[in-house]
Amino acid sequence: SANSRIESKGTKEEKTAYYAKLRGQWAAAKKHSLNGGRAEMEAIMLTHGLKVSMTGFIVVYHQMKAQGLDGLPYLDAKTFQGWKENGFKVKKGEKSTLDGITWVGVDTEKVETPEGEVESSSYAMPKGYHLFHRSQVESLNA
């Protein structure tokens, strides 16, 4: 996919733009959750027993609504593997139109100080993943 290509082989400019886009989507979803949308989303997540990131949920929720897709993230929009684990397969020829965001930890190189101590640091960076809506899947038994 284009996202994984950019993450692994993209130019520095492509990677910078890609990560800026992910961070922007995350920031917009976080802002929404702080501006009154949080209570509604928490109620939805609690009702359906979803134990997921509020901000990640909102990122996908807004994409689904913008595309006119009904349902809820993590219930009606899953990864290819997520659908497979739940007894479904993505229909032949379907392309993902939804993107989720997660954060992954990255450890930097360990550096030995002149005093002989080893210092290292870590940070989190966004990672995108593709989701398929329930309208794009069928039962494995079909």
Side-chain angles (χ1 to χ4, degrees), residues 1-113 115 117-142:
S1 74
N3 288 349
S4 57
R5 184 190 65 77
I6 290 171
E7 286 177 358
S8 63
K9 298 179 184 159
T11 66
K12 184 175 181 178
E13 292 80 17
E14 287 174 325
K15 288 180 182 181
T16 299
Y18 170 73
Y19 290 118
K21 177 185 169 200
L22 291 179
R23 286 186 175 94
Q25 286 178 306
W26 191 265
K30 193 165 198 114
K31 182 178 179 184
H32 173 80
S33 75
L34 297 174
N35 289 338
R38 186 173 191 86
E40 175 191 0
M41 293 297 143
E42 282 178 343
I44 290 169
M45 292 168 65
L46 184 62
T47 300
H48 296 284
L50 297 173
K51 294 181 171 120
V52 297
S53 158
M54 168 71 65
T55 306
F57 182 91
I58 292 171
V59 166
V60 179
Y61 182 82
H62 284 299
Q63 289 176 62
M64 289 175 69
K65 295 305 169 207
Q67 294 178 30
L69 300 172
D70 62 339
L72 297 170
Y74 302 102
L75 293 176
D76 300 299
K78 300 179 188 290
T79 62
F80 182 92
Q81 189 63 33
W83 283 114
K84 187 174 176 184
E85 290 168 0
N86 283 278
F88 294 85
K89 64 181 178 182
V90 174
K91 295 175 187 173
K92 186 173 178 103
E94 290 289 344
K95 303 284 185 216
S96 169
T97 62
L98 301 167
D99 294 308
I101 301 171
T102 191
W103 290 80
V104 294
V106 177
D107 293 324
T108 60
E109 274 188 43
K110 295 180 185 213
V111 178
E112 190 171 332
T113 66
E115 296 81 30
E117 296 176 17
V118 176
E119 292 182 352
S120 65
S121 63
S122 61
Y123 59 94
M125 63 185 294
K127 179 169 178 57
Y129 56 93
H130 302 294
L131 299 166
F132 295 88
H133 185 258
R134 72 167 185 253
S135 62
Q136 297 176 286
V137 300
E138 60 191 7
S139 173
L140 282 171
N141 301 325

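When a residue number appears, it is its place in the shown sequence, counting from 1. What you see is a predicted model; the values in this text were computed from it and never measured. Both backbone and side-chain heavy atoms feed into the values below; hydrogens, waters and symmetry mates do not.
Side chain of S96 to main chain of F132: no donor-acceptor pair is present (N/O by atom type, distance under 3.5 Å, no hydrogens or angles). Of the possible donor and acceptor atoms, none in the side chain of Q25 sits under 3.5 Å from a partner among the backbone N and O of V59. Between the W83 side chain and the V137 main chain, no donor and acceptor come within less than 3.5 Å of each other. No donor-acceptor distance shorter than 3.5 angstrom exists from the side chain of K15 to the backbone of T11, with no hydrogens or angles considered. Side-chain atoms of Y18 come within 3.5 Å of backbone atoms of G128 as a donor-acceptor pair (strictly under, hydrogens ignored).
No more than 12 heavy atoms of other residues, nucleotides or ligands sit less than 6.0 Å from atom NZ of K84.
Within the structure, every pair that satisfies the salt bridge (Lys or Arg N to Asp or Glu O under 4.0 Å) test and touches residues 56-73, not counting sequence neighbours, is listed here: D70-R134.
A search for side-chain hydrogen bond (donor to acceptor under 3.5 Å, both in side chains) contacts involving S135 returns H133, not counting sequence neighbours. In this structure, the side-chain hydrogen bond (donor to acceptor under 3.5 Å, both in side chains) partners of T97, at least two apart in sequence or on a different chain, are Q67.
Of all non-hydrogen atoms in D99 and Q63, the two that sit nearest each other are O-NE2, 2.6 Å. Considering every non-hydrogen atom in both V60 and A77, the closest pair reads CG1-CB, 4.4 Å. Across all non-hydrogen atoms, the minimal contact from D76 to G71 is OD2-CA, 3.0 Å. Contact record, K78 with L75: CE-O, 3.6 Å, taken as the closest heavy-atom pair. P73 approaches Y61 most closely through the heavy-atom pair CG-N, 3.4 Å.
When each of V106, V104, L22 is paired with K127, the side chain to side chain contact (heavy atoms under 4.5 Å, CB included) condition holds for V104 and for no other.
Residue N141 holds its CG atom at 9.5 Å from NZ of K89, rounded to the nearest 0.5 Å. In this structure, L72 CG and M64 CE are separated by 6.5 Å, a value rounded to the nearest 0.5 Å. Distance CD1/I44 to CD1/I58: 9.5 Å, rounded to 0.5 Å. Taking CG from L98 and OG1 from T79, the interatomic distance works out to 12.0 Å, rounded to the nearest 0.5 Å.
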